[in-house]
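Here is the structure we will look at.
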There are 2 protein chains.
Amino acid sequence: MSVPTIKFYVREGLLPPGELTSPNQASYGETHVQRLRLIRALLDVGGLSVAGIRGVIEAIDDPRRPLHTVLGEAADQVVPRYERGDGSGIAEARKRVAELIEARGWRTYEGSPAAESLATALAALEEVGHGRFAEILDAYADAAERVARVDLEYVAHQVAREELVESVVVGTVIGDAVFAALRRLAHVDASDRVFGETP
Amino acid sequence: MSVPTIKFYVREGLLPPGELTSPNQASYGETHVQRLRLIRALLDVGGLSVAGIRGVIEAIDDPRRPLHTVLGEAADQVVPRYERGDGSGIAEARKRVAELIEARGWRTYEGSPAAESLATALAALEEVGHGRFAEILDAYADAAERVARVDLEYVAHQVAREELVESVVVGTVIGDAVFAALRRLAHVDASDRVFGETP
DNA sequence: CGCTATCTGATAGCGCCACTATCTATGATG
DNA sequence: CATCATAGATAGTGGCGCTATCAGATAGCG
């Protein structure tokens with residue numbers, strides 16, 4: 001962690017500046033180190049952009065912010081993936097997403113970034129000729145619900161607001177990476193059992 | 001989808017060149033369009049790099065390749081995230097991953113990219129002060145296993161090798177995005193029930 | 001007290017990556 | 001036949017995450 005990098009983060013608003021003890025000497029505390037670790041985790045493991053991290057950190061640091069909107073902020077920053085034009089079957093995909101939300105009774109506003117990114121992914125699947133993937137969407141949703149329930153339990157253990165908020169962010173962002181890796185391990189296992197030659 | 005972009009993909013080896021009917025006229029078929037859609041899906045939704053897509057496509061196009069290694073190739077390209085130095089508790093995290101694999105009876109080689117990226121994520125969680133996250137790892141693994149099983153069933157429906165391989169790639173890469181979005185929707189729902197004010 | 005090493009803040013630059021603009025030669029097209 | 005689009009090649013662009021450099025100021029040592 002080089003000094004110029006740290007100063008770059010300060011400039012970018014990711015890290016509060018150190019307390020100046022003299023015009024050319026600043027002192028940094030444990031909170032700075034902690035914040036740096038958070039930044040690196042979101043950057044390296046979570047794959048967020050610097051701008052995205054700024055948004056998340058502002059949400060964390062704003063004590064007026066309702067708790068459950070901070071989760072939204074974190075989630076939104078991870079998913080800046082609505083490139084795909086609208087020429088394609090995105091409208092139909094949106095409808096399917098709305099139906100799923102309805103069927104699940106999820107309290108989500110349609111048009112939320114998560115819903116939008118799900119629609120994008122489904123539309124992409126359709127375009128690539130894997131529309132049948134939608135058939136197993138329910139199994140995915142089951143698993144997601146299960147994971148989300150556990151996540152919430154975990155997060156609820158925190159008491160201090162700041163810790164809670166950070167838990168939410170970390171859990172959301174790094175949880176994705178954890179699950180993706182686990183899913184991959186399970187794939188390798190399952191694939192090996194079905195197609196593999198190692199008996 | 002501009003012409004120069006397509007020519008760029010050809011240069012990069014993502015797309016086979018069109019058949020030349022004359023020195024300044026090439027004809028592209030449905031397979032080219034399909035391939036382009038695949039490229040865009042992996043790029044926009046899957047978040048792969050061009051180099052990563054090249055690796056995946058080479059794996060798809062190589063008929064000698066054992067099926068279950070193609071999945072590995074796709075998986076490896078999605079997860080180029082072992083930045084985080086080794087000064088941290090990565091060794092301990094690796095041990096925890098090995099134990100998890102052992103406990104699950106997963107047929108995975110230790111040190112696989114997925115295992116490595118899981119270890120990285122766990123180490124990052126530890127560093128950020130969320131080592132307790134490991135407690136809910138089993139619930140994550142359960143969900144991952146469940147999803148992986150469904151994925152394999154879905155994929156096994158394909159008969160032609162080429163289609164099967166593409167299913168695997170698409171399912172692996174875009175499946176991540178689908179699950180992440182679903183998890184986020186479920187989070188919003190769960191969070192709203194616990195912390196929200198909308199009754 | 002002087003001298004060098006080190007820190008701060010500011011500005012400009014670098015390297016990578018996914019394109020994109022421009023150029024020439026060539027043949028399609030009205 | 002004149003114009004215009006296309007192939008292929010080379011060079012350039014813009015965004016992003018840093019990184020190098022510079023002046024000014026002071027800490028710390030002899």
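Reminder, nothing fancy here: chain letters follow the sequence lines and each chain counts from 1. Note that the structure is a prediction, hence the values are computed from the model and not measured.
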### Query
What residues, two or more places apart in sequence or in another chain, satisfy side chain to side chain contact (heavy atoms under 4.5 Å, CB included) together with A:His32?
A:Leu15, A:Pro16, A:Tyr28
### Message
Between C1' on D:dA7 and CZ on B:Arg11, what's the gap in Å once rounded to a whole number?
### Response
11 Å
### Message
Reading DNA chain C in the 5' to 3' direction, which nucleotide is the first one with an atom under 4.0 Å from a heavy atom of chain B, and which is the last?
### Response
C:dA18 to C:dA28
### Task
Report the distance from atom CD1 of A:Ile6 to atom P of D:dA20, rounded to the nearest whole Å.
15 Å
### Query
Sequence neighbours excluded, which residues qualify as side chain to side chain donor-acceptor pair (under 3.5 Å) partners of B:Glu162?
none
### Task
State which residues pass salt bridge (charged side-chain N to carboxylate O under 4.0 Å, His left out) with A:Arg161; sequence neighbours excluded, sorted by chain then number.
none
#### Entry: DNA chain C-proximal residues of residues 17-32 of chain A, any heavy atom under 4.0 Å
A:Leu20, A:Asn24, A:Gln25, A:Ala26, A:Tyr28
### side chain to side chain contact (heavy atoms under 4.5 Å, CB included) against A:Ser112, all qualifying residues, sequence neighbours excluded
A:Thr108, A:Tyr109, A:Ala114, A:Ala115, B:Leu185
#### Entry: Under the salt bridge (charged side-chain N to carboxylate O under 4.0 Å, His left out) test, residues paired with B:Glu102 that sit two or more places apart
none
### All salt bridge (charged side-chain N to carboxylate O under 4.0 Å, His left out) counterparts of B:Glu126, not counting sequence neighbours
B:Arg96
### Message
Between P on D:dC16 and CG on A:Leu43, what's the gap in Å once rounded to a whole number?
### Response
13 Å
### Summary
Expected list for residues 49-61 of chain B near DNA chain D, using heavy atoms below 4.0 Å, is none
#### Entry: A:Glu12: salt bridge (charged side-chain N to carboxylate O under 4.0 Å, His left out) partners, not counting sequence neighbours
A:Arg54
#### Entry: Set of residues satisfying side chain to side chain contact (heavy atoms under 4.5 Å, CB included) with respect to A:Glu163, sequence neighbours excluded
A:Gln158, A:Ala160
### Message
Judged by each residue's nearest nucleotide on DNA chain C, which is more toward the 5′ side, A:Lys7 or B:Pro4?
### Response
A:Lys7
### Task
For C:dA28, give its Watson-Crick or G-U wobble partner with both distances under 3.5 Å, or none.
D:dT3
#### Entry: Pair A:Arg146 + A:Asp151, salt bridge at N-O below 4.0 Å
no
### Task
Report the residues that fulfil side chain to side chain contact (heavy atoms under 4.5 Å, CB included) with B:Gln25, sequence neighbours left out, ordered by chain and then residue number.
B:Thr21, B:Ser22
### Message
Using the side chain to side chain contact (heavy atoms under 4.5 Å, CB included) definition, which of the options A:Leu43, A:Ile39, A:Val56 pairs with A:Leu48?
### Response
A:Val56
### Query
Between D:dG12 atom P and B:Phe8 atom CZ, what is the distance in whole Å?
17 Å
